[in-house]
Amino acid sequence: MKKTLAAFLLALTLLTGSAVAFSDVDEGLYYAAPIAWAVERGITNGTSTYTFGSENVCTREDMVTFLWRAAGSPTVSSSVRNPFWDVQA
């Protein structure tokens, strides 16, 4: 099942109440506050200065990057085995 960026960020946070600065995200949309929350915390920054791309498919790479940034961008150990056969270490 494919998820959109907006759906993933909605699932990532329950925090709300921030303004959105993207032309493709209307303030009244149910996912506007989670997007603003993620942008304010440096988890994402959109597809450009003015657009977020909320209808774009959220890839595995996007999800891992968002979760890594949400965790404070911890240092990754090179000794960790890569469990994904389709991604080079």
Output for pair (Tyr31 OH, Asp26 CG), nearest 0.5 Å, gives 8.5 Å
Quick check: closest heavy atoms across Arg69 and Thr44, and the distance to 0.1 Å? NH1-CA, 4.0 Å
So, Thr51 side chain and Thr47 main chain: donor-acceptor pair closer than 3.5 Å or not? no
Can Thr65 and Asp62 be said to form a side-chain hydrogen bond (donor to acceptor under 3.5 Å, both in side chains), step by step? CA-CA 5 Å; Thr65 300; Asp62 293 331; 5.9 Å; no
Are Phe52 and Tyr30 connected into the same hydrophobic cluster when the rule is that any two of I, L, V, M, F, W, Y join if their side-chain heavy atoms are below 4.5 Å apart? yes
State the CZ-OG distance between Phe22 and Ser54, to the nearest 0.5 angstrom. 10.0 Å
As an exercise, state the distance from CD of Glu55 to CG of Asp24, rounded to the nearest 0.5 Å. 9.0 Å
Check whether Ser48 reaches the backbone of Tyr50 with its side chain - one donor and one acceptor, N or O, closer than 3.5 Å. yes
Between the CD atom in Glu40 and the CD1 atom in Ile35, the distance rounded to the nearest 0.5 Å is 12.0 Å
For residues Cys58 and Met63, report the shortest heavy-atom separation together with the two atoms involved. O-CE, 3.4 Å
